[in-house]
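Quick caveat: nothing in here was measured; it's all calculated off a predicted structure. All values below come from the heavy atoms of this structure, side chains included, with hydrogens, waters and symmetry mates left out. Start at 1 and go down the list; that is how both ligands and their atoms are numbered.
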Amino acid sequence: MREITFVKGVANWAGLPTDGLPEVAFIGRSNVGKSSLINMVTGRKALARTSRTPGKTQQFNYFRVDGRYYLVDVPGFGYAKVAKTQRARWQRFIGRYVTTHAPLKLVFHLIDSRHPPTALDREVMALIQDSAAAYIVLLTKSDKLSGNGRPKAVKAVKQVLERYGFEVPVVLTSATDRRGRDEVLQWMATYVPEGER
Ligand code: GTP
Ligand code: MG
């Protein structure tokens, strides 16, 4: 990853890129750490804006990497405090995005490692059942867990994923101590191989 540029923020369907570059999306409930993880993975401290207050990211933010593909910072799924109509709108938009947007090659679904998957996390899993993109779960904020809390968290999430018919990688990550960075980069290289473009 040499050159990363913020391209645009997209708030409606017509705004999605049409250049066909592959997309890697970071999806998950509000405040789970999507923007922080994008910064950690890219090694750019303030590329994506983060906030202690949920609901910070309110558009699909597109970052182009080496002219080859996009990283997409998606608004929080189902944040209760934004207006109900706005929340429903994003949920529909995200649903349509994961199920019909052909350039989307890989979905990273971020789940807080400290809690079992919530109803919103399970809604995301259900949406992704109908997606053609590869699916990988990233457990966030694992710096907050104890040594044996980590494998436990992975196991708990895998059990829920099984109920949705998924047998997919679950990666422990932390934007604070950079755990999981190499593995996340490897999955990106797997699904957006260099040389393909
Ligand atoms: P929205 O844009 O509101 O949907 O949130 P987001 O998912 O992009 O979360 P964001 O990256 O803004 O982080 C939310 C809060 O969690 C911030 O206060 C971050 O500092 C904190 N945070 C994110 N990642 C980590 C992590 O790995 N460890 C710890 N301890 N805190 C984290
Ligand atoms: Mg964000």
Side-chain angles (χ1 to χ4, degrees), residues 4-11 15 23-65 70-95 97-98 106-125 127-128 135-147 149-154 157 170-185 187-188:
I4 308 175
T5 42
F6 171 70
V7 180
K8 61 176 170 176
V10 173
E23 298 180 19
V24 175
F26 291 72
I27 294 177
R29 60 167 188 71
S30 218
N31 211 239
V32 72
K34 299 175 292 297
S35 301
S36 302
L37 203 66
I38 287 177
N39 292 339
M40 185 276 268
V41 167
T42 57
R44 310 289 201 275
K45 254 190 202 136
L47 186 70
R49 285 198 199 123
T50 65
S51 167
R52 224 184 282 250
T53 323
K56 173 74 185 168
T57 310
Q58 281 300 322
Q59 48 188 11
F60 277 52
N61 285 323
Y62 274 81
F63 302 95
R64 194 176 45 231
V65 182
Y70 292 114
L71 297 181
V72 191
D73 188 4
V74 172
F77 192 83
Y79 177 51
K81 276 192 184 159
V82 302
K84 247 195 185 153
T85 48
Q86 179 67 4
R87 181 176 76 199
R89 191 183 158 267
W90 276 128
Q91 285 181 221
R92 278 199 309 276
F93 193 115
I94 294 167
Y97 173 73
V98 300
L106 171 60
V107 173
F108 285 128
H109 178 193
L110 281 65
I111 297 176
D112 193 322
S113 65
R114 297 169 298 178
H115 315 287
T118 64
L120 286 170
D121 293 324
R122 285 183 266 115
E123 264 187 69
V124 172
M125 291 177 191
L127 284 178
I128 294 171
Y135 178 42
I136 290 172
V137 172
L138 306 182
L139 298 186
T140 64
K141 311 189 186 185
S142 71
D143 54 283
K144 299 269 199 184
L145 294 181
S146 65
R150 288 186 201 112
K152 270 192 201 159
V154 172
V157 173
V170 176
V171 183
L172 285 161
T173 70
S174 162
T176 306
D177 65 22
R178 318 217 308 171
R179 180 186 295 267
R181 183 169 187 263
D182 291 347
E183 210 176 327
V184 171
L185 287 169
W187 286 119
M188 284 165 44

Q: Rounded to the nearest 0.5 Å, what's the gap from CD1 on Ile27 to CD1 on Ile128? Could you check?
A: 5.5 Å
Q: For ligand 1, indicate whether the residue Ser36 contacts it via side chain, backbone, both or neither (heavy-atom separation under 4.0 Å).
A: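 For Ser36, the contact with ligand 1 is made by both the backbone and the side chain.
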Q: Should we count CZ of Arg49 as having more than 12 external heavy atoms under 6.0 Å?
A: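 It does not: Arg49 CZ has 12 such atoms or fewer within range.
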Q: Backbone or side chain, does any N or O of Ala175 fall under 3.5 Å from an N or O of ligand 1?
A: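 It does: an N or O of Ala175 is found under 3.5 Å from an N or O of ligand 1.
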Q: Drop me the distance from Thr50's OG1 to Met40's CE, to the nearest 0.5 angstrom.
A: 13.5 Å
Q: Can you tell which part of Thr176 has a heavy atom less than 4.0 Å from ligand 1: side chain, backbone, both or neither?
A: both
Q: Which ligand 1 atoms does Arg52 reach within 4.0 Å, using its non-hydrogen atoms?
A: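 It comes down to these atoms of ligand 1: 18 (O).
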Q: With a cut-off of 2.8 Å, does Ser35 put an N/O/S atom close enough to the Mg ion (ligand 2)?
A: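 An N, O or S atom of Ser35 is closer than 2.8 Å to the Mg ion (ligand 2), so yes.
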Q: Quick one: closest heavy-atom pair of Leu47 and Ile38, and the distance?
A: CD2-CG2, 4.3 Å
Q: Looking only at non-hydrogen atoms, find the nearest pair between Arg150 and Ser142 and report the distance.
A: NE-O, 3.3 Å
Q: Counting non-hydrogen protein atoms only, what is the nearest one to atom 16 (O) of ligand 1? Give residue, atom name and distance.
A: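 The closest one turns out to be Lys141 NZ, 3.0 Å.
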Q: Which atoms of ligand 1 are found less than 4.0 Å from any heavy atom of Asp143?
A: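 Those of ligand 1 that fall under 4.0 Å from Asp143 are 26 (C), 27 (O), 28 (N), 29 (C), 30 (N).
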Q: Nearest protein heavy atom to atom 5 (O) of ligand 1, by residue and atom, and its distance?
A: Asn31 N, 3.0 Å
Q: As an exercise, identify every atom of ligand 1 less than 4.0 angstrom from a heavy atom of Gly33.
A: 6 (P), 7 (O), 9 (O), 10 (P), 11 (O), 13 (O), 23 (C)
Q: Measure the distances from the heavy atoms of Val32 to every atom of ligand 1 and state whether one is below 4.0 angstrom.
A: yes
Q: side-chain hydrogen bond (donor to acceptor under 3.5 Å, both in side chains) for Ser36 and Asn39? Distances and angles first, verdict last.
A: CA-CA 5 Å; Ser36 302; Asn39 292 339; 5.7 Å; no
Q: Of Val72, Val32, Leu71, which is the lone residue that meets side-chain contact (heavy atoms from CB on, under 4.5 Å) with Phe26?
A: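 That would be Leu71; it is the only one of Val72, Val32, Leu71 passing the side-chain contact (heavy atoms from CB on, under 4.5 Å) with Phe26.
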Q: How about Tyr97 and Trp90: are their ring centres within less than 6.0 Å of each other?
A: no
Q: Just which atoms of ligand 1 are under 4.0 Å from any heavy atom in Pro54?
A: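 Within the 4.0 Å cut-off of Pro54, ligand 1 contributes 3 (O).
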Q: Count the heavy atoms belonging to other residues, nucleotides or ligands that lie under 6.0 Å from NZ of Lys152, then report whether that count exceeds 12.
A: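 Atom NZ in Lys152 is not crowded, with 12 or fewer foreign heavy atoms closer than 6.0 Å.
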Q: Parallel under 30°, tilted from 30 to 60°, perpendicular over 60°: which one fits the rings of Tyr62 and Tyr70?
A: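 Perpendicular, since the angle between the ring planes exceeds 60°.
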Q: Which residue and atom name correspond to the protein heavy atom nearest atom 6 (P) of ligand 1, and how close is it?
A: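 Atom 6 (P) of ligand 1 sits closest to the protein heavy atom Lys34 N, 3.5 Å.
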Q: Check whether any side-chain heavy atom of Asp143 lies under 4.5 Å from a side-chain heavy atom of Arg179, and answer yes or no.
A: no
Q: Tell me: protein heavy atom nearest atom 2 (O) of ligand 1, and distance?
A: Thr57 OG1, 2.7 Å
Q: Consider every N or O of Ser35 and every N or O of ligand 1, then say whether any pair is closer than 3.5 Å.
A: yes
Q: With heavy-atom distances below 4.0 Å as the criterion, list the atoms of ligand 1 near Gly76.
A: 4 (O)
Q: Heavy-atom distance to atom 15 (C) of ligand 1: which of Gly78, Ser30, Ser51 wins?
A: Ser51
Q: Looking only at heavy atoms, is any part of Met40 under 4.0 Å from ligand 1, and if so is it the side chain, the backbone, or both, or is it neither?
A: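 The answer is neither; Met40 stays 4.0 Å or more away.
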